[in-house]
Amino acid sequence: MILFGLVVGTILVCDSMHEEAVENSIWDNSVPQVKAWFGENAEHPDSIRYIKWYPVQKLDDGRFRARVRYSNLSDPDSTGYEKTFVFDSTGVIIEVRALGE
C-alpha cells in the first residue's frame, strides 16, 4: 500500500510538469501572476484579501483569462472589488480590467 502511494505521487508530480502557462493553484485556487501583480501595483499590497478566485479560462486564440474578487482592508468603505486579467499565451499579463472600483 505504501508503495502504491509513492507511485501515485510520482505520477502526479510528472503530470504537473505539463502545466498551462496560467493555472489556478491546487492549494488555494489563486493565480500566481495575479498575486504578483497586486504585490507590484497595489498601494497597500499587504491589505489585499482575496475573497474568490474564479477558474482560469483558456481562450480560443491561446490567451488566458483569470478573475478575482478581493477586498482592500486599507479602504474601510470597501465591500469588494473584481478584476479580470488577460494573459498572452506565455502567461504574461497584457490587460487588467476593473469592475466596481
Side-chain angles (χ1 to χ4, degrees):
M1 242 187 241
I2 293 173
L3 181 58
F4 178 74
L6 293 173
V7 171
V8 171
T10 302
I11 291 170
L12 290 174
V13 169
C14 291
D15 189 48
S16 69
M17 293 170 48
H18 301 289
E19 296 175 354
E20 293 283 0
V22 183
E23 287 187 328
N24 294 94
S25 165
I26 61 171
W27 304 110
D28 62 1
N29 217 30
S30 66
V31 178
Q33 295 98 317
V34 172
K35 289 178 93 172
W37 184 92
F38 276 104
E40 295 169 5
N41 294 283
E43 189 173 335
H44 303 285
D46 293 337
S47 67
I48 300 295
R49 294 295 176 258
Y50 303 104
I51 298 169
K52 180 174 183 176
W53 291 95
Y54 296 86
V56 170
Q57 298 174 315
K58 187 167 186 178
L59 306 176
D60 291 339
D61 61 4
R63 296 181 306 160
F64 296 88
R65 181 173 40 224
R67 186 168 55 125
V68 63
R69 182 160 184 74
Y70 65 97
S71 64
N72 186 339
L73 298 178
S74 67
D75 179 1
D77 297 327
S78 171
T79 58
Y81 305 105
E82 284 195 20
K83 284 194 187 298
T84 299
F85 295 80
V86 179
F87 305 81
D88 67 13
S89 61
T90 67
V92 175
I93 295 172
I94 57 173
E95 184 179 344
V96 180
R97 300 179 195 147
L99 176 65
E101 288 187 56

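Just so we're clear, the structure is a prediction, and the values are computed from it rather than from any experiment. Along the sequence shown, the residues carry numbers beginning at 1.
- Although no hydrogens or angles enter the test, the distance criterion places a donor-acceptor pair under 3.5 Å between the side chain of N24 and the main chain of V56.
- Taking the side chain to side chain donor-acceptor pair (under 3.5 Å) definition, one finds that D75 meets it with Y81, sequence neighbours left out.
- For K58, the salt bridge (Lys or Arg N to Asp or Glu O under 4.0 Å) partners are E20, not counting sequence neighbours.
- Residues satisfying the side chain to side chain donor-acceptor pair (under 3.5 Å) criterion with D60, sequence neighbours excluded, are absent altogether.
- The hydrophobic cluster containing I26, built from Ile/Leu/Val/Met/Phe/Trp/Tyr side-chain heavy atoms closer than 4.5 Å, also comprises W27.
- For the residue pair P45 and G39, the shortest heavy atom distance occurs at CG-O, 3.6 Å.
- Distance OG/S89 to CZ/F64: 7.5 Å, rounded to 0.5 Å.
- Pairing each heavy atom of F87 with each of V31, the nearest pair is CZ-CG1, 4.2 Å.
- To the nearest 0.5 Å, the span separating CZ on F38 from OH on Y70 amounts to 4.5 Å.
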Legend entry - Audit row: W53, V34, side-chain contact (heavy atoms from CB on, under 4.5 Å) steps and yes/no: CA-CA 10 Å; W53 291 95; V34 172; 3.6 Å; yes
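- Side-chain heavy-atom separations under 4.5 angstrom define the hydrophobic clusters, and Y54 shares its cluster with no other residue.
- Each side-chain hydrogen bond (donor to acceptor under 3.5 Å, both in side chains) pair with one or both residues in residues 30-40, not counting sequence neighbours, appears once here: D28-S30.
- Taking Ile, Leu, Val, Met, Phe, Trp and Tyr as hydrophobic and joining them when side-chain heavy atoms fall under 4.5 Å apart, one finds V86 in a cluster with I94.
- Every residue two or more places apart in sequence or in another chain that forms a side chain to side chain donor-acceptor pair (under 3.5 Å) with T90 is listed here: D88.
- With sequence neighbours excluded, no residue forms a salt bridge (Lys or Arg N to Asp or Glu O under 4.0 Å) with R49.
- Hydrophobic clustering of Ile, Leu, Val, Met, Phe, Trp and Tyr side chains at less than 4.5 Å, counting indirect connections, keeps V92 apart from V96.
- Residue R67 is tested with Q57, K83, E82 for a side-chain contact (heavy atoms from CB on, under 4.5 Å); the sole match is E82.
- Listed by chain and residue number, nothing satisfies the salt bridge (Lys or Arg N to Asp or Glu O under 4.0 Å) test with R65 (two or more places apart in sequence, or in another chain).
- Evaluation of the side-chain contact (heavy atoms from CB on, under 4.5 Å) rule for S47 yields H44, N72, L73, S74 as partners, not counting sequence neighbours.
- Shown here are the side chain to side chain donor-acceptor pair (under 3.5 Å) partners of T84, two or more places apart in sequence or in another chain: there are none.
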